[in-house]
Colleague: 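A single structure is presented below for examination.
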2 protein chains.
Amino acid sequence: MASMTQVPDPAADSASCAGGHRHHAFDVAAGLLEAERVCTAAGESLTPLRRDVMELLLRAHGPAKAYDLLQALTAGAAKPPTIYRALEFLQRMGLAHRIESLNAFIACGIGACAKNAGFLICTACGWAEELLADPVNAALEGAASERGFRIAGAVIEARGLCRDCAPSVATK
Amino acid sequence: MASMTQVPDPAADSASCAGGHRHHAFDVAAGLLEAERVCTAAGESLTPLRRDVMELLLRAHGPAKAYDLLQALTAGAAKPPTIYRALEFLQRMGLAHRIESLNAFIACGIGACAKNAGFLICTACGWAEELLADPVNAALEGAASERGFRIAGAVIEARGLCRDCAPSVATK
DNA sequence: CGGGATTTGTAATACTATAACATACGATAT
DNA sequence: ATATCGTATGTTATAGTATTACAAATCCCG
Ligand SMILES: [Zn+2]
Ligand SMILES: [Zn+2]
Ligand SMILES: [Zn+2]
Ligand SMILES: [Zn+2]
């Protein structure tokens, strides 16, 4: 298999995933509408390419790797800068996030949040659930201010087992 | 210049750094003693190679890149697996940490903390200060438990300006 | 010494990301 | 309509990060 991350082929549609059990998924249609709305509001354009990448992220069953997205675009004819540029744009719009500890990208699960989201990453099924990380950021702010440090942004990524996977791993 | 990260040449000693102002540094001798102690306590061996890498991390004026460390080891004769293996060992011992958002490594600033440390990374001087991230982890735990998620570990990395740099950037 | 486990060396390759420059395209102003 | 400008995309090449697989050396114990 080319990769572990689940970038769907264009035909796939449902929320079934590699692990076999169905769970977690984005609402693709709603996500695309929201993306259009956000870009318009920002005076930017959700071009066909950017929209295609957004759709791939929304259909993915978890964080997607850049080169897998690249392969999924027009059957791999695109070159690396194509995908990195589209991802950078989507991140700038708050429509997607990069997960540093996975070198992967995911659609925003909260809705155009430009900053300081957090993720709970399941090591069993690969899903990453987004958090509004306000309490976490507040705790970070507290620690930072004690040291005279001014926070501009933060990476918050927890690894562990999601509700669905904790039982199956525990009983294994 | 080969790289921005500050892996010292073998002669360098003080806490002066690329930015010109002196600040932040590890206590090299104490760090090596502690490393020896931790490894012995764990029934593992701090071999000359591992010790050399630990010393490079302690002398570095901030997070160090793997290939820069590699270059600093015996003037670049070593191959990539050499450094990645040593770094993995040091991380396992809690003597070093990987900073995901920088693809870089840093000596533990707290003392053999195996898990869940956090970092405040200054984007001006490049230093990364380690936090005992207990309050942050507590906040994360709270958010996770609401979702039935069991956290095994977390990446907590804030970017911003340290106490020393905030004024100089503000007045620039 | 023999034998097994750990550590290190080495070569090859996979994976991730950016720089630099060329081309295309849509909007606006003559 | 044509020129021009800014934005977006295409293309080539290269830089940077990390792992796999196997070979050799070393250490520890019996
Ligand atoms: Zn988000
Ligand atoms: Zn799961
Ligand atoms: Zn530490
Ligand atoms: Zn600083």
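Reckoned from all heavy atoms, side chains included, excluding hydrogens, waters and symmetry mates. Here is how names work: the chains are called A, B, and so on, in the same order as the sequence lines, proteins then strands, and each is numbered from 1.
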Colleague: Look at all strands and tell whether Glu88(B) reaches a base, only sugar-phosphate, or nothing, counting heavy atoms closer than 4.0 Å.
Modeller: nothing
Colleague: Met93(B) and Ala42(B): which non-hydrogen atoms are nearest, and at how many Å?
Modeller: SD-CB, 4.0 Å
Colleague: What's the CG-P distance between Leu73(B) and dT7(C), to the nearest Å?
Modeller: 17 Å
Colleague: Given that Arg50(B) and Ala77(B) both sit by DNA chain C, which one's nearest nucleotide is further toward the 5' end?
Modeller: Arg50(B)
Colleague: In whole angstroms, how far is the P atom of dT9(D) from the CG atom of Asp52(A)?
Modeller: 10 Å
Colleague: Pick from Ile106(B), Ile156(B), Leu131(B): which one makes a side chain to side chain contact (heavy atoms under 4.5 Å, CB included) with Phe119(B)?
Modeller: Ile106(B)
Colleague: Run Arg85(B) and Glu88(B) through salt bridge (Lys or Arg N to Asp or Glu O under 4.0 Å) and show every step you take.
Modeller: CA-CA 5 Å; Arg85(B) 287 192 286 227; Glu88(B) 187 226 21; over 6 Å; no
Colleague: Rounded to whole Å, please give me the gap between CG in Leu69(A) and P in dT16(C).
Modeller: 11 Å
Colleague: Is the closest basic N to carboxylate O distance between Glu100(B) and Arg98(B) below 4.0 Å?
Modeller: yes
Colleague: Measure from the side-chain heavy atoms of Leu49(A) and tell me the nearest of dA8(D), dG10(D), dT17(D).
Modeller: dG10(D)
Colleague: Specify the separation, in whole Å, of atom CZ of Arg51(B) and atom C1' of dT7(C).
Modeller: 18 Å
Colleague: Quick one: Gln71(B) CD to dA15(D) P, roughly how many Å, whole number?
Modeller: 15 Å
Colleague: Side-chain heavy atoms nearer than 4.5 Å, only ILVMFWY residues, links allowed to pass through others: does that put Val155(A) and Phe149(A) together?
Modeller: no
Colleague: Looking at Arg50(B), I want to see if its CZ is surrounded by more than 12 non-hydrogen atoms of other residues, nucleotides or ligands under 6.0 Å.
Modeller: yes
Colleague: So does Arg98(B) get a side-chain nitrogen or oxygen closer than 4.0 Å to the phosphate oxygens (OP1/OP2) of dA18(D)?
Modeller: yes
Colleague: If you compare every side-chain N and O of Thr47(B) against the phosphate oxygens of dT8(C) (OP1, OP2), does one of them come in below 4.0 Å?
Modeller: yes
Colleague: What is the distance, to the nearest angstrom, from the CG atom on Asn103(B) to the C1' atom on dA15(D)?
Modeller: 13 Å
Colleague: It should be established whether Lys65(B) places a side-chain nitrogen or oxygen under 4.0 Å from OP1 or OP2 of nucleotide dG16(D).
Modeller: no
Colleague: Determine, for nucleotides 19-30 of chain D in 5'-to-3' order, which nucleotides have protein heavy atoms under 4.0 Å from the base (write B), from only the sugar-phosphate (write S), or from neither (write -).
Modeller: BB----------
Colleague: Using atom CD of Glu44(A) as one end and atom P of dT7(D) as the other, report the distance to the nearest whole Å.
Modeller: 9 Å
Colleague: Could you go step by step and tell me if Leu57(A) and Leu87(A) meet the side chain to side chain contact (heavy atoms under 4.5 Å, CB included) rule?
Modeller: CA-CA 10 Å; Leu57(A) 290 177; Leu87(A) 288 168; 4.0 Å; yes
Colleague: Measure CG/Leu70(A) against P/dT11(D) and give the value in whole Å, please.
Modeller: 12 Å
